[in-house]
Structure formats: structure tokens, C-alpha cells
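Proteins come first, then strands; the chains are lettered A, B, ... in the order of their sequence lines, and each starts at number 1.
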There are 2 protein chains.
Amino acid sequence: MTLVIVKPRKGIVPTESRRRMVESAAILLATRGLDGTAFSDVLEHSGAPRGSIYHHFPGGKDDLVEEAMALAGERALGVLDAVVGQPPIDITQRFLDVWRQVLIRSELRAGCAVLAVTVAADSTDLLDRAAAIFRAWRVRLADLYIQGGMAADPARRLAAIVVSATEGAVVISRAERSLEPFALVAEELLALTPTA
Amino acid sequence: MTLVIVKPRKGIVPTESRRRMVESAAILLATRGLDGTAFSDVLEHSGAPRGSIYHHFPGGKDDLVEEAMALAGERALGVLDAVVGQPPIDITQRFLDVWRQVLIRSELRAGCAVLAVTVAADSTDLLDRAAAIFRAWRVRLADLYIQGGMAADPARRLAAIVVSATEGAVVISRAERSLEPFALVAEELLALTPTA
DNA sequence: GTCTATACGAAGATAGAC
DNA sequence: GTCTATCTTCGTATAGAC
């Protein structure tokens, strides 16, 4: 089981308030979007001290956002470590669980921070980071499916649709404030996944 | 074939510049997101006169955004009118085509305006509008699948995953600036759809 | 590491003339 | 229907003290 931690940058000691800021940013991005998440919101939500923003994130908001996305990215990857070597159906189930929990715990108010950044990003840099995370999820799922006995091509296609459909379903369930769209998609994705 | 037009509000005559503003807003929302789309951007893009914003949209930005979303919603619905009565595979193909075209014509820069608004909406009103559009797509697809010979429940599940996976794939292809994720998902969705 | 104060720019909205 | 001017709010970022 991979430890889910924020990767500290070289030379920067990760303090507690810094860690909380990244954590809060991830939640707020997933809930209010990129431009809806101001530094002031992150400070309020995290309880972090006002004066330390540019100390911890010299590159400004983009620095913070990149780390928050990375955190979200590693969280989803980390959860998959628990099902290494298990059949494909368990892999899909586990990935779906992550996002079902996000929806339920937030009362259908939060979604995916990476997706939120993608649709509002104005810099290629942020887009690159988002792309890397989506790709990492897809590649990781495909690998696990292959380990679970699937051939490479079907595994890659399944991984692609699992990530895409889940992301889309989260957005739509948020919009409708109902778990129904997500549940329908989950059912179909599981039906698509080999049981052994 | 449904005419794809902006529904004028009662008492407001839809002028040409007004129409262009809605059109431009739809494109910009899909490209830069909700907060990334300012009135000034819409004016510049549409060439509409500066002084007429609050004349045409008394409710301000939300008014304009709602109409832009509605336009995007009806566009996708309108395209489906051409495949009424055809087998499910043609329905899925057609829906995918809409979004493939959005990606290709924008050089992977534009996505879905409704999704963009959903992840950044701060009012329940905008969220409701977005939800209604997602739901309309889903219901319409399911109806067409049923007309094409599918049973009600499988048709509803298929419709749900087609909309969700397509929306997700558009976001991910944008992030990666590659059509590959979308192509993989399209392939899988077509494999999922009955051919007759 | 953390603080306050402030510069700077952007955006939504309103008022009133033409 | 369209124009300009302006008010107001807000957010990022910087400077410099503690």
C-alpha cells in the first residue's frame, strides 16, 4: 500500500500548514473549480497563516494548484495498490469506489480536481500536469487489467473508457445532484469488465 | 429535423448581434470555461456592440450563459434528429461524431460548454440548467435506442454511459491534446452498442 | 515563517446620454 | 439599441517589517 503523501519539492521542507493548504486546495478545486478557488478560500479552509503563501508557493497559484492536482492523482493511484493482482472486476470496482465516495461524502458537491483544472486552465503547464495524471490513471488501470489476465489492447480500451466514463459520470451526477447517472454508468462499466 | 435556434425570451426580439453573442459565448465557454469567459471576450469574439449587453441580457452574465448552454444542448439534440429510426449503432456513432468534430475543428482546444459551466457554477440555477441538458441528451438517446429495438433498461444504461464516457473523453483528449483517448473510448462505446 | 499594507488589474454591474 | 463613464468588488502579487 503506497503512502499517500505530497511530494515535497527539492529544498522545501513540507510544514504542516503547507500540507494543509495543498489538501484544502484539492478539495476546493474539486468543488468550486479553478477560478472559483482563491488563495483566501484556501487559507480560510485550511486555517493556514496568511503571510506564508508565497513563502511556500513561490510560483504563486499555479504552484499550489499543481500540487493539489498531484495529490488528487496519487490518491486515486494509491487506492489501486490494494487490488494489485486481483481480477479485473475488482480493479474497476475499486476505481469506481473512489469517485462514488467523493460524491457521497461531499453530498454531490465535489467532483474531480484534475478535470476542473483542465476545463479552466489558461497555461499549457497546468494542462500538461492534468494530462499526465489522466494518463497515469489510464496506464495504471491497463497494467492491472493485463496482470489480471486481459490482453493488452482490450485492457487499454477498457482502462480508457473506465476513466472517461467515471469522470463524465461524476460531473453529470453533480449537475443533477443525483447519484443515478453515476450508478447507471458504474453498472455498465462493471458489466464490461471481465470477472476473472 | 429540428431547427437549431436560440429560444427568444418573451418580449425580447432576437436581433442579429444578440444571436452572435450567444453563439460566441457557447464557443468561449467550451474553450476557456465559465470564469475564463468575460463579457469583453464575448463582445470581441462576436463583434457585437459594447453598449447592448444588459439590454439583451438583463440578468447579466448568467442570462447569457444559460442561453449559450441551451444552444449547445439543442445542437447535440438536433443532430440526432437525422438518425431517428436507425439502428442503435448509428445513434451512438452520430453522437460521437458531434464531439469528435468539436475536438477536431478546435484543434483539441474546445470541449463541452455544459460541462465547463457545471464544474464552475456558483448558482443552483446554472446547475439546474446544466442538469436538464445532460438529462435531455440521456433521455433522447435512450428513446432512440428503444426505437431501434433495445429493451428499456439496457437502453437507459447504454445512454448513460455514452453521454458520460463521451464527456469524459472530450476532457481527457483536450488535456492530452491528443485524439487517442477519445478514439479508444469511441471504439469501446461502439462495441457496446447493438448493431441492429 | 509569518505579518500587514498596498499596488495593480480585471470583471460585473449600473447610470444616464444619444 | 447602443454609447461612455464609473462604481464596486475581488483576486493576484509584491514589499518590507517582525
Visitor: Can you sort out the partners of A/Arg157 under side chain to side chain donor-acceptor pair (under 3.5 Å), two or more places apart, ordered by chain and number?
Guide: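 If we apply the side chain to side chain donor-acceptor pair (under 3.5 Å) test to A/Arg157, skipping adjacent residues, the hits are B/Glu187, B/Glu188.
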
Visitor: Which residues pass the ring pair (Phe, Tyr, Trp, His ring centres under 6.0 Å) test with A/Phe57, not counting sequence neighbours?
Guide: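 Here no residue qualifies.
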
Visitor: Please state how far atom CD in A/Glu44 lies from atom C1' in D/dG11, giving the value in whole angstrom units.
Guide: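 Checked: the CD to C1' distance equals 15 Å.
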
Visitor: What donor-acceptor contacts under 3.5 angstrom involve side-chain atoms of residues 83-90 of chain B, with partners at least two apart or in another chain?
Guide:
{"unit_1": "B/Gln86", "atom_1": "NE2", "unit_2": "B/Asp90", "atom_2": "OD2", "d": "3.0"}

Visitor: Please collect all ring pair (Phe, Tyr, Trp, His ring centres under 6.0 Å) contacts where either partner lies in residues 64-89 of chain A, sequence neighbours excluded, each pair once.
Guide: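 Qualifying pairs, neighbours excluded: none.
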
Visitor: Which salt bridge (charged side-chain N to carboxylate O under 4.0 Å, His left out) pairs, counting each pair once, include a residue from residues 27-37 of chain B, with sequence neighbours left out?
Guide: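 Passing the test, one end in residues 27-37 of chain B: B/Arg32-B/Asp41.
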
Visitor: Heavy atoms under 4.0 Å is the rule here; annotate nucleotides 11-18 of chain C 5' to 3' with B where the base is hit, S where only the sugar-phosphate is, and - elsewhere.
Guide: SSBB----

Visitor: Between A/Ser52 and C/dG1, is there a contact of a side-chain N or O with OP1 or OP2 at under 4.0 Å?
Guide: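 Negative; the distance criterion is not met.
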
Visitor: Just how far, in rounded Å, is P of D/dA15 from CD1 of A/Ile53?
Guide: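 Rounded to whole Å, this separation is 15 Å.
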
Visitor: Please state how far atom CZ in A/Phe57 lies from atom P in D/dT14, giving the value in whole angstrom units.
Guide: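 To the nearest whole Å, that distance equals 16 Å.
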
Visitor: Could you state the CG-C1' distance from A/Leu64 to D/dG11, rounded to the nearest angstrom?
Guide: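 In whole Å, D/dG11 C1' lies 14 Å from A/Leu64 CG.
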
Visitor: From CZ of A/Arg50 over to P of D/dG11, roughly how many Å is that when rounded to an integer?
Guide: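 Between P of D/dG11 and CZ of A/Arg50: 11 Å.
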
Visitor: To the nearest Å, give me how far apart NE2 (A/His55) and C1' (D/dA13) are.
Guide: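 Answer to the nearest Å: 17 Å.
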
Visitor: Residues in side chain to side chain donor-acceptor pair (under 3.5 Å) with A/Asp125, at least two apart?
Guide: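 A/Asp125: no side chain to side chain donor-acceptor pair (under 3.5 Å) contacts found.
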
Visitor: Side chains of A/Tyr145 and A/Thr193 only: does a donor on one sit below 3.5 Å from an acceptor on the other?
Guide: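 Their side chains do not contain a donor-acceptor pair, so the 3.5 Å distance test is not met.
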
Visitor: Examine C/dT2: is either OP1 or OP2 under 4.0 Å from a nitrogen or oxygen in the side chain of A/His56? Give yes or no.
Guide: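 So the side-chain polar atoms of A/His56 do come within 4.0 Å of the phosphate oxygens OP1 or OP2 of C/dT2, strictly under.
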
Visitor: Give, ordered by number, those residues of residues 109-127 of chain B having at least one heavy-atom distance below 4.0 Å to an atom of DNA chain D; if nothing qualifies, reply none.
Guide: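 Close to the strand, none.
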
Visitor: Any sub-3.5 Å donor-acceptor pair from A/Thr37's side-chain atoms to A/Leu28's backbone N or O?
Guide: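 Side chain of A/Thr37 to backbone of A/Leu28, a donor-acceptor pair under 3.5 Å: yes, one is there.
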
Visitor: Going by the rule side-chain contact (heavy atoms from CB on, under 4.5 Å), which residues pair with A/Glu176 if we only count those two or more places apart in sequence or in a different chain?
Guide: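 Checked A/Glu176 against side-chain contact (heavy atoms from CB on, under 4.5 Å); matches are A/Ile172, A/Ser178, A/Pro181, B/Ala131, B/Phe134, B/Arg135, B/Arg138.
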
